[in-house]
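Some notes on the structure that comes next.
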Amino acid sequence: MTEAEAAPAAARTYRRQLGGGWFVSRPSYFLYIVRELTVVFMVAWLAWFLYEVALLKQNAFTSLAGNYAVLAFSAVCLFFTLWHAITFLNLSGLILRVPLGDGFAPPTAIKVLSFGGLVGATALGGAVMIYLGYVKL
Amino acid sequence: MSTHDAHWHQRADLKPDYGHSFWWFMFANGGAIAAILLPVTILVAGVLGPLGVPNWMEDARHFGWTLSNPLVKLYFAVLIFLTFIHAAHRIRYALFDFGVRGSVLVLEWACYGLAVVASVAAIALIVITP
């Protein structure tokens, strides 16, 4: 028995090393990383909101009307939050498997329901949040 | 003799990783809640409010009155907790994609731990305000 037969060499594999800037090598990689980082803006907006709650607690809250710094910050955060919403809900039809009879509900129906939830929550929630501003206190 | 093992589901090496599945479960729910509820919250309070549209954060009186409602507190507690957990999970895997691949346990404890601590602090603030 030869040495090679007694101890066969381990299979040679090749793992391509990714550089630090791999995500800019293709547009799809870049969009993937942007989607991953949308949470930074979502958390940033909630942190700002909690700061306003803390100001309210200290009786230091002032009206936001005409505050264009808050407007610009929120517009950027809203853009990335919608990016998250669209990319996340777009996968709902693929991921959610809802049993229906002998099979599953069609993915398109689940996706329509998911985006319907976003539109419905925006319309209903928006109406309620704006209505509360007209309540006489 | 059949090679089929009727008790394959009891094999210790095939048991599900409950910790892993728990965080993926929280990630998915957090992503859905944030996708559906966060846009309108930012739109009304952060965009329409500064543009002069009356809303629940119109002034300190409306802000405090609305935030005193237990349902509103619950809304923000759920939204903040699940969004923070979702973000922790995304950042934990984004760091892996950026090449941070050592000390996985430390990374997980740092991300999820920070999210839980921040959520507890945020919920406590919302509960005691106004």
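In what follows, chains carry the letters A, B, and so on, assigned in the order in which the sequence lines appear, proteins first and then strands, with residues in each chain numbered from 1.
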When rounded to the nearest 0.5 angstrom, what is the spacing between [atom1] in [X] and [atom2] in [Y]?
| X | Y | atom1 | atom2 | result |
| --- | --- | --- | --- | --- |
| Ile42(B) | Met42(A) | CD1 | CE | 7.5 Å |
| Leu67(B) | Glu52(A) | CG | CD | 12.0 Å |
| Ser74(A) | Leu48(B) | OG | CG | 10.0 Å |
| Ile36(B) | Leu89(A) | CD1 | CG | 5.5 Å |
| Leu137(A) | Glu58(B) | CG | CD | 10.5 Å |
| Asp59(B) | Leu56(A) | CG | CG | 10.0 Å |

Indicate if [X] and [Y] have the same hydrophobic cluster label, given that clusters are the connected sets of ILVMFWY residues with side-chain heavy-atom separations under 4.5 angstrom.
| X | Y | value |
| --- | --- | --- |
| Leu82(A) | Val34(A) | no |
| Leu74(B) | Val127(B) | yes |
| Val120(B) | Leu125(B) | yes |
| Val76(A) | Phe73(A) | no |
| Leu114(B) | Phe81(B) | no |

Which bit of [X] is near chain A, if near means a heavy-atom gap under 4.5 Å: side chain, backbone, both or neither?
| X | value |
| --- | --- |
| Leu37(B) | side chain |
| Val44(B) | side chain |
| Thr66(B) | side chain |
| Ala45(B) | both |
| Ala32(B) | both |

Validation row: [X], [Y] side chains within 4.5 angstrom (heavy atoms):
| X | Y | result |
| --- | --- | --- |
| Val128(A) | Trp56(B) | no |
| Val47(B) | Val70(A) | no |
| Met57(B) | Phe61(A) | yes |
| Ile126(B) | Leu50(A) | yes |
| Tyr134(A) | His62(B) | no |
| Val135(A) | Trp65(B) | yes |

Under the side chain to side chain contact (heavy atoms under 4.5 Å, CB included) rule, what do Asn55(B) and Tyr131(A) come out as? Steps first, then yes or no, please.
CA-CA 7 Å; Asn55(B) 67 89; Tyr131(A) 167 76; over 6 Å; no
Who among Gly31(B), Ala87(B), Ala60(B), Ala122(B) has the most heavy-atom pairs with chain A under 4.5 Å?
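Among the listed options, the one with the most contacts to chain A is Gly31(B).
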Please identify, among Pro39(B), Pro130(B), Ala94(B), the residue contributing the most non-hydrogen atom pairs under 4.5 Å to chain A.
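Most heavy-atom pairs within the cutoff with chain A belong to Pro39(B).
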Would you say that more than 12 heavy atoms from the other residues, nucleotides or ligands in this model lie under 6.0 Å from the [atom1] of [X], or not?
| X | atom1 | result |
| --- | --- | --- |
| Phe96(B) | CZ | no |
| Trp24(B) | CH2 | yes |
| Tyr93(B) | OH | yes |
| Arg26(A) | CZ | no |

Identify which of [options] forms the greatest number of heavy-atom pairs closer than 4.5 Å to chain B.
| options | result |
| --- | --- |
| Gly125(A), Ala121(A), Ala69(A), Gly21(A) | Ala121(A) |
| Val43(A), Val40(A), Thr62(A), Leu55(A) | Val43(A) |
| Thr81(A), Leu64(A), Leu71(A) | Leu71(A) |
| Ile95(A), Asn67(A), Val119(A) | Asn67(A) |

Can you tell me if [X] uses its side chain to pair, donor with acceptor, with the backbone of [Y] under 3.5 Å?
| X | Y | result |
| --- | --- | --- |
| Arg90(B) | Leu37(A) | no |
| Lys57(A) | Ile128(B) | yes |
| His84(A) | Ala34(B) | no |

Interchain contact, [X] with chain B, by part (heavy-atom threshold 4.5 Å):
| X | answer |
| --- | --- |
| Ile86(A) | neither |
| Thr38(A) | side chain |
| Leu78(A) | both |

Taking atom types as modelled, is there a side-chain donor on Tyr32(A) or Asp97(B) under 3.5 Å from an acceptor on the other?
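Side-chain D/A pair, Tyr32(A) to Asp97(B): present.
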On the 0 to 90° scale, with breaks at 30° and 60°, tag the Phe49(A)-Phe76(B) ring pair as parallel, tilted or perpendicular.
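Aromatic pair Phe49(A)/Phe76(B) classed parallel.
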Aromatic ring pairing Phe98(B)/Phe23(A), orientation class (parallel under 30°, perpendicular over 60°, tilted between)
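Aromatic pair Phe98(B)/Phe23(A) classed perpendicular.
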